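Let me begin by presenting the structure, written as structure tokens, before commenting on it.
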Amino acid sequence: MLTQSTQFKNLQIFNHPLIHHKLSLARNHITPPEQFRRHLNEIAGLMVYEVSRNFSTATYTVQTPLEPALGKRLSQPVTLVPILRAGLGMTDGILRLFPEARVGHIGIQRDEHTKLPVHYYSHFPQDISAGPVIIVDPMLATGGSAVHAADHLQKLGCTNIQMICLVSAPEGVQKMLASHPRINIYTAALDRELDQNAFIRPGLGDAGDRVFGTPA
Ligand code: PRP
């Protein structure tokens with residue numbers, strides 16, 4: 001289901017037909033917000049199944065109707081950190097599969113002119129560093145927002161951080177690799193490049209606007 005990128009050692013690319021089917025529908029410019037949101041959430045749910053593969057578990061005894069059995073439960077609290085706004089478009093899909101996860105929010109907007117991240121909000125569980133953290137954002141373009149989010153989480157003591165994004169640009173993956181080489185990025189597609197406006201090409205447009213129906 002996952003392929004290690006030959007280009008970037010921090011990048012895992014999904015090669016699952018279902019994910020690519022849904023991603024192509026999301027890319028289509030005529031897909032309306034309600035369907036775009038649905039595709040994003042469904043893809044995010046499929047992605048988290050793989051991303052959580054190495055989460056640690058503890059064993060305990062569960063009483064079946066017939067006898068005691070050995071059970072397993074996640075042994076650390078998991079926190080999703082969607083980058084507002086667009087990351088919210090993937091969060092419900094993950095929570096559907098993983099209702100025990102907590103959600104911390106970080107609001108970062110890319111300045112239209114400088115392309116630099118502007119941090120405007122954050123709210124996290126107090127013990128966020130007690131377990132794995134998954135940064136959630138449909139797009140990794142210049143990488144400015146993701147690097148800023150990871151910097152912030154590291155300052156809070158988080159050591160187990162991963163990122164889920166739908167489409168990523170080589171420039172953004174490279175920036176994350178240079179700044180946070182231990183963070184794995186899980187993406188549905190490594191797109192071709194950034195254009196002169198720092199938009200991912202071919203990309204899927206502005207994910208935040210498409211999720212919330214607020215075209216620029
Ligand atoms: C988009 C996107 C990422 C960021 C990627 O958000 O959802 O958060 O840009 O760009 P970068 O890698 O160059 O930082 P945007 O700033 O448009 O905010 P929004 O989600 O509120 O629309």
Side-chain angles (χ1 to χ4, degrees), residues 5 7-8 10-11 13 22-23 26-27 29 31-34 36-41 43-44 47-48 79-94 103-124 133-154 161-181 183-216:
S5 161
Q7 212 177 338
F8 301 107
N10 59 340
L11 188 67
I13 305 172
K22 292 174 190 296
L23 172 62
R27 284 194 197 269
H29 71 112
T31 298
E34 72 271 19
F36 185 80
R37 277 195 297 274
R38 182 163 60 79
H39 298 315
L40 256 58
N41 277 309
I43 295 169
M47 284 176 140
V48 82
T79 308
L80 311 177
V81 176
I83 300 182
L84 309 183
R85 293 172 302 163
L88 289 176
M90 299 172 77
T91 304
D92 281 350
I94 301 176
V103 183
H105 295 87
I106 187 161
I108 303 173
Q109 180 141 36
R110 196 173 78 166
D111 183 281
E112 271 182 33
H113 303 291
T114 65
K115 314 298 181 207
L116 295 173
V118 179
H119 184 156
Y120 61 88
Y121 180 76
S122 44
H123 192 273
F124 301 107
V133 175
I134 306 176
I135 298 173
V136 181
D137 197 328
M139 314 222 287
L140 179 64
T142 66
S145 304
V147 167
H148 181 88
D151 287 346
H152 194 81
L153 292 166
Q154 277 194 339
I161 305 172
Q162 309 183 67
M163 176 169 191
I164 292 181
C165 69
L166 220 52
V167 291
S168 47
E171 294 87 339
V173 179
Q174 179 58 50
K175 189 175 170 76
M176 274 294 272
L177 180 60
S179 308
H180 295 284
I183 295 182
N184 276 320
I185 300 166
Y186 295 83
T187 193
L190 176 63
D191 275 10
R192 190 179 67 244
E193 61 184 352
L194 291 183
D195 67 13
Q196 66 277 14
N197 295 312
F199 293 150
I200 302 173
R201 295 298 182 113
L204 40 71
D206 185 316
D209 284 340
R210 295 194 66 189
V211 165
F212 293 108
T214 53

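Whatever order the structure lists ligands and atoms in, that order sets their numbers, starting from 1. The structure presented is a predicted model; accordingly, all values stated were derived computationally and were not measured.
- N197 places no side-chain N or O within donor-acceptor distance of the main-chain N or O of F199, the cut-off being under 3.5 Å.
- With respect to atom 1 (C) of ligand 1, the closest heavy atom belonging to the protein is M139 CE, 4.4 Å.
- In this structure, D191 contributes its side chain and G203 its backbone to a donor-acceptor pair below 3.5 Å.
- K115 does not count as a contact of ligand 1, since none of its heavy atoms falls under 4.0 Å from the ligand.
- For the residue pair Q162 / Y186, a side-chain donor-acceptor distance below 3.5 Å is found, with atom types taken as modelled.
- A donor-acceptor pair under 3.5 Å is formed between the side chain of H119 and the backbone N or O of Y121.
- Regarding atom 8 (O) of ligand 1, its nearest protein heavy-atom neighbour is D137 OD2, 2.5 Å.
- Under the side chain to side chain donor-acceptor pair (under 3.5 Å) criterion, K175 pairs with no residue, sequence neighbours left out.
- A donor-acceptor pair under 3.5 Å is absent between the side-chain atoms of T187 and the main chain of I13, judged by distance alone.
- Atoms of ligand 1 lying under 4.0 Å from at least one heavy atom of D206, given by number and element, are 17 (O), 22 (O).
- Considering only non-hydrogen protein atoms, atom 13 (O) of ligand 1 sits nearest to T142 OG1, 2.5 Å.
- Within the 4.0 Å heavy-atom cutoff, G172 does not count among the residues contacting ligand 1.
- Taking the six-membered ring for Trp and thresholds of 30 and 60 degrees, F124 and H152 have ring planes inclined between 30 and 60 degrees apart.
- Considering backbone and side-chain N/O atoms, I108 never comes within less than 3.5 Å of an N/O atom of ligand 1.
- Residues N41 and G93 share a closest heavy-atom pair of OD1-N, 2.8 Å.
- Within the 4.0 Å cut-off (strictly below), no protein heavy atom is located near atom 6 (O) of ligand 1.
- Closest to atom 4 (C) of ligand 1, if we only count protein heavy atoms, is S145 OG, 3.6 Å.
- Regarding atom 16 (O) of ligand 1, its nearest protein heavy-atom neighbour is R110 N, 2.7 Å.
- The distance from ligand 1 to the heavy atoms of G208 drops below 4.0 Å at these ligand atoms: 22 (O).
- Within the listing of ligand 1, atoms 11 (P), 12 (O), 13 (O) sit less than 4.0 angstrom from a heavy atom of G143.
- For R85 and T214, the side-chain atoms include at least one donor-acceptor pair closer than 3.5 Å.
- Atom 21 (O) of ligand 1 has its closest protein heavy atom at R85 NE, 2.8 Å.
- Near A86, meaning under 4.0 Å from any of its heavy atoms, are these atoms of ligand 1: 7 (O), 20 (O).
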